[in-house]
Engineer: 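Got a structure here, written out as structure tokens. Questions coming.
Please read these numbers as outputs of a predicted model, since none were measured by experiment. Counting begins at 1 with the first residue of the sequence.
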Amino acid sequence: MWFGAVVLPWSLGGVDYSVDDPDAPVDELVEVVRSSGFDRLAGYYWAVLPAEFVSNQEIRVATAGHPPVVLLAETQREVESTPPEDLAMVFLGDAPEPLLRLPLHAYDIVGVGNWKVYLPAADVRAAAGQ
């Protein structure tokens with residue numbers, strides 16, 4: 001009787017059975033980085049590692065900040081040696097400025113879900129290429 005009076009009406013109208021794509025934020029992050037012309041990404045652990053996997057290692061990544069964990073040592077070294085103007089960065093919320101390789105004003109900031117992607121501005125990249 002309780003089932004019919006309480007559970008059944010609630011489950012028919014009060015439960016959303018749809019499932020969002022859990023990879024959508026990572027897919028969007030990969031698209032933003034690729035479309036901006038970058039193939040190196042550093043930053044928030046839970047953003048960068050899935051980005052390397054989803055991009056089929058076309059985007060190489062390194063962790064920066066919290067948590068200070070390195071799972072892909074070879075890739076970490078490769079990305080850390082990338083010139084600052086060629087390195088996109090991603091953080092959960094505002095970036096800790098000491099971790100940014102360039103001054104904050106040298107980045108174009110794009111929001112992707114809860115993340116902020118820091119892309120070196122085109123004029124900074126052009127000046128470095130001269």
Engineer: What I'd like to find out is whether the side chain of Glu52 reaches to under 4.5 Å of the side chain of Leu72, using heavy atoms alone.
Structural biologist: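 A side-chain contact under 4.5 Å exists here.
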
Engineer: To the nearest 0.5 Å, what is the distance between OH (Tyr107) and NZ (Lys116)?
Structural biologist: 14.5 Å

Engineer: Show, in sequence, the C-alpha distance, side-chain angles and deciding distance for Leu104 and Ile109, and conclude whether the side chain to side chain contact (heavy atoms under 4.5 Å, CB included) test is met.
Structural biologist: CA-CA 9 Å; Leu104 185 58; Ile109 302 170; 4.2 Å; yes

Engineer: With a cut-off of under 6.0 Å to the ring centre and 45° to the axis, is Arg101 in cation-pi contact with Tyr118?
Structural biologist: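 Relative to the ring axis of Tyr118, which defines the angle, Arg101 lies outside at least one limit.
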
Engineer: Atom CZ in Phe91, atom CG in Leu99: separation rounded to 0.5 Å?
Structural biologist: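 Between Phe91 CZ and Leu99 CG, I get 5.0 Å after rounding to 0.5 Å.
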
Engineer: What closest approach, in Å, do Ala47 and Leu29 show between heavy atoms, and which atom pair accounts for it?
Structural biologist: O-CD2, 3.8 Å

Engineer: Answer yes or no: is there a side-chain heavy-atom contact under 4.5 Å between Thr63 and Val69?
Structural biologist: no

Engineer: What's the spacing between Trp46 CH2 and Asn114 CG if we round to 0.5 Å?
Structural biologist: 15.5 Å

Engineer: What's the separation between atom OG in Ser55 and atom CD in Glu31, rounded to the nearest 0.5 Å?
Structural biologist: 11.5 Å

Engineer: Give the cluster check for Val110 versus Val124: same hydrophobic cluster or not, with ILVMFWY residues linked at side-chain heavy-atom distances below 4.5 Å.
Structural biologist: no

Engineer: Nearest 0.5 Å, please: how far is CZ in Arg125 from CG in Leu119?
Structural biologist: 8.5 Å

Engineer: Which heavy atom of Ala88 sits nearest to which heavy atom of Pro120, and what is that distance?
Structural biologist: CA-CD, 4.2 Å

Engineer: Could you walk me through whether Trp115 and Val26 pass the side chain to side chain contact (heavy atoms under 4.5 Å, CB included) check?
Structural biologist: CA-CA 10 Å; Trp115 302 324; Val26 177; 3.9 Å; yes

Engineer: Which heavy-atom pair separates Asp21 from Pro25 by the least distance, and what is that distance?
Structural biologist: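 Closest heavy-atom pair between Asp21 and Pro25: O-CD, 4.3 Å.
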
Engineer: If hydrophobic clusters are built by linking Ile, Leu, Val, Met, Phe, Trp and Tyr wherever their side-chain heavy atoms come under 4.5 Å apart, do Tyr45 and Leu100 end up in the same one?
Structural biologist: no

Engineer: Is any side-chain heavy atom of Met89 closer than 4.5 Å to a side-chain heavy atom of Leu41?
Structural biologist: no

Engineer: Using only atom types and a distance under 3.5 Å, with no angle test, would you say the side chain of Ser36 pairs donor to acceptor with the backbone of Val33?
Structural biologist: no

Engineer: Are any non-hydrogen side-chain atoms of Arg34 and Ile59 less than 4.5 angstrom apart?
Structural biologist: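 Touching, per the 4.5 Å side-chain cut-off.
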
Engineer: Hey, is CG on Asp108 packed in by over 12 heavy atoms from elsewhere, all under 6.0 Å?
Structural biologist: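 Counting neighbours around CG of Asp108, more than 12 heavy atoms of other residues, nucleotides or ligands fall under 6.0 Å, so yes.
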
Engineer: Below 4.5 Å, heavy atoms only, C-beta onward: do Leu102 and Leu87 meet side chain to side chain?
Structural biologist: no

Engineer: Taking all heavy atoms of Ala51 and all of Val30, pick out the closest pair and write down the distance.
Structural biologist: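 Between these two residues, the closest heavy atoms are O-CG2, 3.7 Å.
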
Engineer: Applying the 4.5 Å side-chain criterion to the ILVMFWY set and letting contacts propagate, would Val48 and Val79 be lumped into a single cluster?
Structural biologist: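 Shared cluster, no.
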
